J.: 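Structure incoming, see below.
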Amino acid sequence: MARIVGIDLGTTNSLIAYMDGKVPTIIADADGHRLVPSIVAYTPKGLQVGDTAKEQLTRHPERTVYSVKRFMGKGLSDVQDELQYFPYRLTEQAGVIQIHIGNKALTPPEISAMILKELKSRAERFFGEEIRKAVITVPAYFNDSQRQATKDAGKIAGLDVMRIVNEPTAAALAYGLQKRKQGLIAVYDLGGGTFDISILKLKGGIFEVLATNGNTHLGGDDFDRRLMEVMLEEIKTTHGTHIKKHPELAQEVRVRAEQAKCRLSSEKEVSVEVPLPEDGGTYRRVFSREAFEAMVTDLIEKTLSPTRKALVDAGLSAADVDEVVLVGGSTRMPLIRQRVEALFGKPPHCELNPDEVVALGAAVQASILAGGIQDMLLLDVTPLTLGIETMGGVMSSLVRRNTTIPTSAKEMFTTFVDGQTSVDIHILQGERELVKDNRSLARFQLKIPPLPAGVPRIEVTFMIDANGILSVTARDVRTGEAQSIDVKPSYGLSDQEVERMIHESYIFAQQDIKERQRIEAVNEAQSILRATDKALARVAETQDLTTSEEQEAIRQSAAELRQSLTGHDHRKIRQAIEALNRASSPLAERLMNHSLQDALKDKKLSQMP
């Protein structure tokens with residue numbers, strides 16, 4: 001097979017790796033640099049990528065793009081709270097963010113493609129041949145839109161993206177290849193822009209992800225920002241210098257803040273100096289590790305809460321986990337290592353370079369796809385539940401959260417109204433019972449012949465491929481007519497939405513279930529009332545099937561059922577349904593016998609010579 005490389009397309013830095021025999025290896029440039037800064041800058045010489053672009057951050061921040069991964073698959077409304085931190089201009093066209101640098105307006109996939117091209121060129125110089133195929137990693141919490149944007153970036157860069165792999169899963173692959181451990185592994189991945197926690201089961205060469213959780217908008221950038229905010233406020237207070245008048249100052253401070261953060265992982269205190277514009281002097285500040293840790297304690301706690309939830313989803317306690325693996329440059333912070341060790345009760349593994357381990361795992365996955373490694377299998381999971389809307393605004397779940405993928409699920413549905421000529425397939429994502437509380441992914445319609453309610457049989461199939469992309473098909477079993485759609489939503493989930501969808505599913509669980517029970521009881525009651533009205537209309541023409549007393553009893557029970565629908569207690573509705581069933585069952589049985597006798601008479605007549 002053609003060579004397949006592994007790529008870690010990161011928020012802060014990106015890397016490319018390959019399998020050197022049985023050992024995953026990072027490809028460095030001619031100067032030995034292994035990391036490619038995920039930065040693109042517009043200069044008089046054209047667009048620059050990587051280290052040369054990073055040099056432009058302080059000189060020309062308004063035309064230098066960094067952290068573009070935060071915008072992949074998102075709309076402008078998803079990132080409003082962060083716009084103040086980015087010096088370049090963002091707009092939106094057709095639901096896609098446009099980033100303005102120089103005289104160009106580029107989408108996040110286009111800018112990401114430039115970073116991928118730089119990595120591709122590095123590999124081609126190393127191998128002396130063209131590279132066409134790649135495995136690219138993404139945060140486990142990237143949704144369909146964000147994954148599709150990543151695949152689009154690969155396509156623009158001239159790469160056939162063979163597989164999209166979750167970053168924590170890739171890290172587990174790299175770690176498993178080195179250690180060959182059996183048991184349960186927690187992969188704690190805190191990168192530049194995202195946090196992911198995955199609980200994996202390792203057995204017989206098979207990596208199975210039992211549960212994932214995380215935060216799509218929490219990473220090393222946020223730790224830098226805490227230092228940056230302190231420095232900018234002090235510069236404004238003590239020197240009277242404001243970033244609104246000097247936007248380049250923000251980038252200078254950001255770079256110094258990042259450097260200070262990195263040094264504080266190995267030093268007790270660091271001194272920071274920032275030359276101020278217009279001969280404003282020099283800002284000086286000493287930060288201690290203790291003071292910095294106090295600034296970011298709440299951010300670290302925001303990683304521990306999803307970690308606990310992932311353990312609950314996997315049905316495990318922290319003590320059940322055999323190994324804890326740290327991934328991402330931010331995990332070099334001593335306080336993070338201490339808090340993770342305190343949570344799991346064991347020291348985390350960090351033998352592999354945390355900046356490189358994801359790319360190494362991507363190379364392992366690439367080797368599996370190319371047939372180089374045949375004794376290892378990878379199984380990922382869906383991060384959120386997927387389903388469709390049913391009558392009354394209820395979500396019917398087809399693929400539950402943390403289901404192993406690739407996967408497929410089928411369920412049969414029918415109509416609620418007589419003579420329907422189409423059914424609306426509304427695809428949803430989320431953890432709540434009701435449609436209004438979940439995220440709408442897509443809609444499409446299936447045409448059906450007009451039939452009585454409950455007669456049509458509509459088979460809905462969900463298929464999720466190995467990249468986490470969802471395909472939905474609806475088929476009329478009777479006619480064979482079918483419609484399908486690939487779900488590629490134009491908007492991604494914001495970090496607030498991700499946290500809300502998981503968190504609220506716990507908070508409102510009891511309330512949601514009660515409301516669902518009420519809606520389902522109402523739906524059943526309405527169906528029974530329609531059937532009762534039809535039955536009473538028939539007996540009006542055939543008086544010998546019932547008595548006036550029986551009809552009155554049925555009408556009285558039906559009236560009581562209608563009255564129960566005005567309340568909110570599903571149990572009272574169920575009791576009224578049972579009462580109407582008891583009153584109407586003898587008549588329903590006689591009507592059925594009468595219909596069968598009529599059908600037999602018609603058959604005899606049709607057979608007469």
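All values below were derived from every heavy atom in this structure, side-chain atoms included, with hydrogens, water molecules and symmetry-related copies excluded. Here the structure is a predicted model, which means the values were calculated and not measured. Index from 1, following the sequence.
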J.: Just by modelled atom types, is the I131 backbone N or O under 3.5 Å from a matching donor or acceptor in the E124 side chain?
T.: yes
J.: Please report the C-alpha distance between D298 and R226 in whole Å, then the side-chain angles of each, then the deciding distance to 0.1 Å, and finally whether the side chain to side chain contact (heavy atoms under 4.5 Å, CB included) criterion is met.
T.: CA-CA 11 Å; D298 64 313; R226 290 292 170 87; 2.8 Å; yes
J.: Please report the closest heavy-atom contact between A105 and Q98, naming both atoms and the distance.
T.: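 Where A105 meets Q98 most closely, the heavy atoms are O-OE1, 3.7 Å.
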J.: Measure from the side-chain N and O atoms of Q56 to the backbone N and O of A41, and report whether any donor-acceptor pair falls under 3.5 Å.
T.: no
J.: Could you measure the distance from the CD atom of Q148 to the CE atom of M72? Nearest 0.5 Å is fine.
T.: 10.0 Å
J.: Does some side-chain heavy atom of V296 sit less than 4.5 Å from a side-chain heavy atom of K261?
T.: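 Contact flag for K261/V296 side chains = no.
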J.: Rounded to the nearest 0.5 Å, what separates atom OG1 in T303 from atom CG in N213?
T.: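 Atom-to-atom, T303:OG1 and N213:CG are 11.0 Å apart.
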J.: From the options I111, I136, I16, T150, select the one residue that forms a side chain to side chain contact (heavy atoms under 4.5 Å, CB included) with L116.
T.: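 That would be I136; it is the only one of I111, I136, I16, T150 passing the side chain to side chain contact (heavy atoms under 4.5 Å, CB included) with L116.
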J.: I'd like to know if the side chain of T137 and the backbone of E167 have a donor-acceptor N/O pair within less than 3.5 Å.
T.: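 Such a contact is absent between T137 side chain and E167 backbone.
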J.: With a 4.0 Å cut-off, would you call R337 and E341 a salt bridge?
T.: no
J.: Taking the side chain as everything from C-beta on, heavy atoms only, tell me whether K309 gets closer than 4.5 Å to I197.
T.: no
J.: Can you find a heavy atom in the side chain of L47 that is under 4.5 Å from one in the side chain of I101?
T.: yes
J.: May I ask you to establish whether R285 and F287 are in a cation-pi arrangement, using a distance under 6.0 Å from NZ or CZ to the six-membered ring centre and at most 45° from the ring axis?
T.: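 Verdict for F287: a cation-pi partner in R285.
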J.: Does a side-chain N-to-carboxylate-O contact under 4.0 Å join R89 and E62?
T.: no
J.: Angle between ring planes, Y18 versus F127, binned at 30° and 60°: parallel, tilted or perpendicular?
T.: perpendicular
J.: Could you grab the distance from atom NZ of K133 to atom CD1 of I4, nearest 0.5 Å is fine?
T.: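 Answer for the NZ-CD1 pair, K133 versus I4, is 6.5 Å.
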J.: Within this structure, what is the CG-CD distance for the pair L232 and E252, rounded to the nearest 0.5 Å?
T.: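 Between L232 CG and E252 CD, I get 11.0 Å after rounding to 0.5 Å.
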J.: Is it true that K302 and D222 have a side-chain N and a carboxylate O under 4.0 angstrom from each other?
T.: no
J.: Of all heavy-atom pairs between S38 and G10, which one has the smallest distance, and what is that distance?
T.: OG-O, 2.8 Å
J.: Donor-acceptor pair, distance only, cut-off 3.5 Å: does the side chain of S198 make one with the backbone of T169?
T.: no
J.: Hey, is the main chain of K117 close enough, under 3.5 Å, to the side chain of S121 for a donor-acceptor pair?
T.: yes
J.: Between F142 and R147, which heavy-atom pair has the shortest distance, and what is it?
T.: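 Nearest heavy atoms, F142 then R147: O-NE, 2.8 Å.
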J.: Closest heavy-atom contact between G192 and T12?
T.: CA-OG1, 3.3 Å
J.: Could you tell me whether R339 sits above the aromatic face of Y188, with NZ or CZ closer than 6.0 angstrom to the six-membered ring centre and within 45 degrees of the axis?
T.: no
J.: Atom CD1 in I336, atom CG in L190: separation rounded to 0.5 Å?
T.: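 Answer rounded to 0.5 Å: 5.0 Å.
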J.: Keeping the roles fixed (side chain from T297, backbone from E293), state whether a donor-acceptor pair exists under 3.5 Å.
T.: yes
J.: Give a yes or no on whether the backbone of I164 and the side-chain of K151 come within a donor-acceptor separation of less than 3.5 Å.
T.: no
J.: Quick one: pull up CG in L173 and CD in Q365 and give me the separation to the nearest 0.5 Å.
T.: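 CD of Q365 is found 6.0 Å from CG of L173.
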J.: Can you check whether F71 reaches T107 side chain to side chain, under 4.5 Å on heavy atoms?
T.: no
J.: Identify the heavy atoms of K120 and A157 that sit nearest to each other, and give their distance.
T.: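 In this case the closest contact between K120 and A157 is CD-O, 3.5 Å.
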J.: Please examine the side chains of I39 and V49, heavy atoms only from C-beta on, and report whether any two atoms are closer than 4.5 Å.
T.: no
J.: Indicate yes or no for a side-chain donor-acceptor contact from D29 to the backbone of D31 under 3.5 Å, with no hydrogens or angles considered.
T.: yes
J.: Is a donor on one side and an acceptor on the other found under 3.5 Å between the side chain of Y88 and the backbone of Y66?
T.: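 Side chain of Y88 to backbone of Y66: a pair is present.
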J.: Give me the atom names and distance for the closest heavy-atom approach of R34 to R122.
T.: O-NH1, 3.2 Å
J.: Using modelled atom types only, decide if a donor and an acceptor are shared between the side chain of R289 and the backbone of L264 within a distance under 3.5 Å.
T.: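 Yes, the answer is positive, given that a donor and an acceptor are paired below the 3.5 Å cut-off.
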J.: For residues V40 and I115, determine if any side-chain heavy atom of one lies less than 4.5 Å from a side-chain heavy atom of the other.
T.: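 They are in side-chain contact.
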J.: Quick one: are V274 and L249 in side-chain contact, heavy atoms under 4.5 Å?
T.: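 In contact.
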